[in-house]
Amino acid sequence: EWISSVNSITPQVVLLVGLAFTALLSRFLRTIARRNAKIERLVARRTKDLVLTNELLREEIASRKQSEALLIDSDERFRVTFEEAPVGIGHASLLGKYLRVNDRLCEITGYSREELLAHHWQDITHPDDLASDELTVAALLNGKRSTYSMDKRYRRKDGGEVWVNLTVALVRTKNGEPSYFISITNDLTESRAAQEQLKQERNLLRTLIDGIPDSIYIKDRSGRFIAQNRADREFLGVEDPEEAVGKTVYDFDALKNHAD
């Protein structure tokens with residue numbers, strides 16, 4: 001019966017079935033082709049995106065390496081500047097404890113680096129200078145000033161005193177909160193010794209000039225006194241050496257009466 005059924009299928013039916021199958025196959029293949037084309041476009045786009053991303057990553061890596069190199073160079077410059085500076089440099093916490101110090105500050109104070117890092121700046125400040133120093137630090141913390149500079153004395157480890165010029169700045173965070181102090185310390189020992197020697201020489205010169213019985217004076221081009229000895233002051237009737245400075249002889253009664 002099955003054979004008779006097959007034999008009963010006409011060529012027209014076979015043709016129709018073949019055409020339908022061919023159309024279905026063609027439709028299936030077109031669908032597959034479209035999907036393949038879509039996949040290829042997607043793969044091409046993804047590949048392009050990956051290439052672009054890879055290029056951006058290479059640029060980012062190169063930029064980071066350059067930034068790291070610049071940062072390393074900057075850190076090295078800062079380290080050399082900090083350590084090799086001819087003045088004392090220190091970082092201190094808001095409470096005054098030293099966080100970082102250079103060799104020059106250690107030389108000025110007479111402490112080793114380890115010893116100084118165990119101290120607060122208040123510990124080595126001369127008691128007579130501590131109050132004024134703390135007032136200016138409070139002004140920094142309150143935002144009333146950004147830096148300050150003052151002459152003060154440090155107490156050295158050996159018990160001696162050393163005059164320094166101290167400049168302090170307060171470092172703040174990005175949010176404006178106080179973070180730590182930076183201090184620059186310049187040893188005034190030599191300059192103060194030179195000033196003291198000059199003062200003594202001036203006093204000696206004044207004593208010698210004051211001992212001369214004749215009037216000696218120095219005037220500017222306008223005839224105003226700049227300096228004079230004791231004999232000239234007595235002649236003009238003045239006692240204070242500064243009283244005649246900036247005046248002429250006609251500003252004094254002694255010469256007025258002499259002229260009359």
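In this chain, residues are counted from 1 in sequence order.
Side chains of Ser112 and Glu115: a donor-acceptor N/O pair is present below 3.5 angstrom, by distance only. With no hydrogens or angles considered, a side-chain donor-acceptor pair links Asp187 and Thr189 at under 3.5 Å. Counting only N and O atoms by type, the side chains of Thr125 and Lys152 include a donor and acceptor under 3.5 Å apart. Side chains of Asp133 and Tyr148: a donor on one and an acceptor on the other come within 3.5 Å.
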Validation: residues 138-146 side-chain donor-acceptor distances under 3.5 Å, sequence neighbours left out:
from	atom 1	to	atom 2	distance (Å)
Asn142	ND2	Ala138	O	3.1
Arg145	NE	Thr147	O	3.1

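Applying the ring-ring contact (aromatic ring centres under 6.0 Å, His included) criterion to Tyr111, with sequence neighbours excluded, gives His119.
Summarising the geometry, atom OG1 belonging to Thr185 is positioned 5.0 Å from atom CG belonging to Leu166; distances are rounded to the nearest 0.5 Å. The structure places NE2 of His126 at 14.5 Å from CZ of Arg156, a figure rounded to the nearest 0.5 Å. In this structure, CD in Glu83 is found 5.5 Å from CG in Asp103, a value given to the nearest 0.5 Å. To the nearest 0.5 Å, atoms CD1 (Ile89) and CG (Leu105) are separated by 9.0 Å. Taken from CH2 in Trp121 to CG in Leu95, the straight-line distance is 11.0 Å, to the nearest 0.5 Å. We find the SG-CG distance between Cys106 and Leu117 to be 7.5 Å, quoted to the nearest 0.5 Å.
Ile124 and Leu130 fall within the same hydrophobic cluster, where Ile, Leu, Val, Met, Phe, Trp and Tyr residues are linked whenever their side-chain heavy atoms come under 4.5 Å apart, directly or through other members.
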